Amino acid sequence: MAPASMLITGIRVYAEKGIINEGYVAIRNGKIHEVGQMAGCTDTDGYDRLFPFSNSYKLLPGMIDLHIHGAGGADTMDATHEAIQTIAARLPEEGTTSFLAATMTQEVKHIERALVNVADYRKQANGPGEAEILGVHLEGPFLSPKRAGAQPADKMLNPDIALFERWQRSAAGLIRLVTVAPELPGGMEFVSHLAQCGVVASVGHSDATYAEVAEGVRCGLKHVTHLFNGMRGLHHREPGVAGAALLHPELLAELIVDGIHVHPEMIKLVYQQKGRNGLTLITDAMRAKCLGEGTYELGGQEVIVQDGRALLSDGTLAGSIVKMKDAAANAMHFTGCTLEDIVYMTAVNPAKQLGLFASKGSIALGKDADLVVLDKNHEVVLTLCRGEIAFHAC
C-alpha cells in the first residue's frame with residue numbers, strides 16, 4: 001500500500017534553498033512533491049491528510065543521528081529484531097527520522113551477531129512509521145585501551161582489515177562508519193582501506209598525537225567520534241586529537257550536547273572554530289534513554305543513571321540519555337546559533353557524510369519525506385518518516 005498523500009500548510013519551512021515563511025509542503029508516495037509559499041498552493045483537496053499550522057511552527061528536515069547505541073530499554077548489541085524496532089520506534093518522538101545503529105567493543109562473535117541482526121532487520125522489518133536504520137556505526141574494537149572510556153579495554157584489538165571485511169559481509173555492506181584509533185599498529189593502512197571502500201573513517205577512543213591524526217587525514221580520515229570524549233585532549237604543547245579536529249576542515253566532528261559530556265563554553269568555542277558546516281550533533285545514547293533513573297547495562301557493565309548522567313561504577317561516563325531535540329535546543333542556548341544552523345548540524349552534514357544527500361538531509365523536491373514540526377518552544381509536534389506519521393503529539 002502506498003503511503004498516504006499529505007499536505008502541511010501555513011508553516012515556516014526550513015527548505016534547502018532557504019526559509020519560507022507561511023509555506024507549504026506536499027507529500028506523495030513518501031517523497032516531497034511540492035515546496036513553496038502558500039500563495040502557490042492552489043489545491044488543498046486532493047490529499048489524504050491535511051496538517052494546517054501557523055507560521056509560529058517550524059518544519060525541518062528530519063534529524064539524522066550518526067551515533068546511537070540504544071533507547072527505550074533496548075541496545076544494538078542485544079542483537080534482536082525487537083531491540084532495533086524499539087529504538088526505531090522511539091526516535092521519532094525526539095525528531096530523529098534515521099540513524100546509524102552503534103555497536104561497541106565486545107567479543108568478536110557478539111559484534112558479528114549484532115551486525116547480522118541489523119542487516120536482517122533492515123532487509124525484513126524496517127517498516128513505515130519508524131526511524132530508518134541507515135546502517136551501522138562500528139565503534140570498537142579497533143580502539144586504544146589508553147582511551148577506553150566505557151568500552152571494555154580487554155576486548156580491544158588492533159585494526160584488522162580481514163576482520164573488518166568479514167564483518168562487512170555479515171552486515172550485508174551496512175557498516176557505514178567505523179571509529180578507529182589510527183595510531184595503533186596497522187591503523188593508517190586500515191583508514192586507507194576504509195576510504196577506498198567508501199566507508200567513513202572516524203578517529204575516536206584514540207591517544208593519537210596531532211601529527212598522527214594529520215597523517216590519518218592524509219590517509220582518508222573524515223570524521224571525529226564524540227569530540228573531546230575518549231581522546232587525547234587539547235594541550236598547548238601537544239594539540240592532540242582534539243586540536244586536530246578543530247584545525248582540520250576535512251574532519252566532521254560529532255558533539256554530545258547534553259551539557260555533561262562537554263562543557264557549554266567549550267561547545268561555544270568549538271562552534272566558533274568549526275562552524276555549522278564542521279559539526280554534527282549526536283546522542284551516543286544508551287538503552288536508558290526515554291526511561292527513568294535506575295540501573296542498566298552497557299556492554300556487560302552496570303550503568304547507573306541518576307541526575308541526567310549515565311555512569312559506570314567508577315564514575316566513567318557511559319554514553320548519554322540526551323534526546324536530539326534537546327541537544328539541538330542546548331546547542332542554540334550554548335552557542336547562540338540559529339535553527340537554520342541546527343538544520344546543518346542535524347540533517348545536512350550527516351546526510352552528506354553518508355553520501356545520502358540526494359535523498360535525505362534537506363527539504364527539497366523528490367527527497368524522502370523525513371520531516372519534523374517544532375512548536376515555538378522547539379518541542380516536537382509531528383514527525384514523518386518517509387511520508388508516514390511516526391509521531392504526532394496529542
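Atom set for the values below is all heavy atoms of this structure, side chains included, hydrogens, waters and symmetry mates excluded. It should be emphasised that the depicted structure is a prediction, and the values quoted were computed from it without experimental measurement. Along the sequence shown, residues are numbered consecutively beginning with 1.
With respect to E379 and K325, a salt bridge is recorded, a charged nitrogen being found less than 4.0 Å from a carboxylate O.
Residue pairs meeting the ring-ring contact (aromatic ring centres under 6.0 Å, His included) criterion with at least one member in residues 37-64, sequence neighbours excluded, are F51-H392, F53-Y57. Within the structure, ring-ring contact (aromatic ring centres under 6.0 Å, His included) contacts touching residues 226-250 (residues at least two apart or in different chains) are H67-H226, H205-H226, Y210-H248.
Among residues two or more places apart in sequence or in another chain, the salt bridge (charged side-chain N to carboxylate O under 4.0 Å, His left out) test is passed with D370 by K360. Considering only residues two or more places apart in sequence or on other chains, K31 meets the salt bridge (charged side-chain N to carboxylate O under 4.0 Å, His left out) condition with D368.
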Got a list of side-chain donor-acceptor pairs under 3.5 Å for residues 184-199, not counting sequence neighbours?
{"from": "S192", "atom 1": "OG", "to": "M188", "atom 2": "O", "distance (Å)": "3.2"}
{"from": "H193", "atom 1": "NE2", "to": "E165", "atom 2": "OE2", "distance (Å)": "2.6"}

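Within the 4.5 Å cutoff, side-chain heavy atoms of Y271 are placed close to those of L279. A heavy-atom distance below 4.5 Å is found between the side chains of T103 and M77.
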List the steps and the verdict of side chain to side chain donor-acceptor pair (under 3.5 Å) for E132 and S98. CA-CA 4 Å; E132 182 178 1; S98 54; 5.8 Å; no
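In this model, no donor atom of one side chain and acceptor atom of the other lie less than 3.5 Å apart for T280 and E254.
Grouping Ile, Leu, Val, Met, Phe, Trp and Tyr by side-chain contacts under 4.5 Å, direct or through others, puts M156 with L143.
Distance check: N349 CG to L252 CG gives 5.5 Å after rounding to the nearest 0.5 Å.
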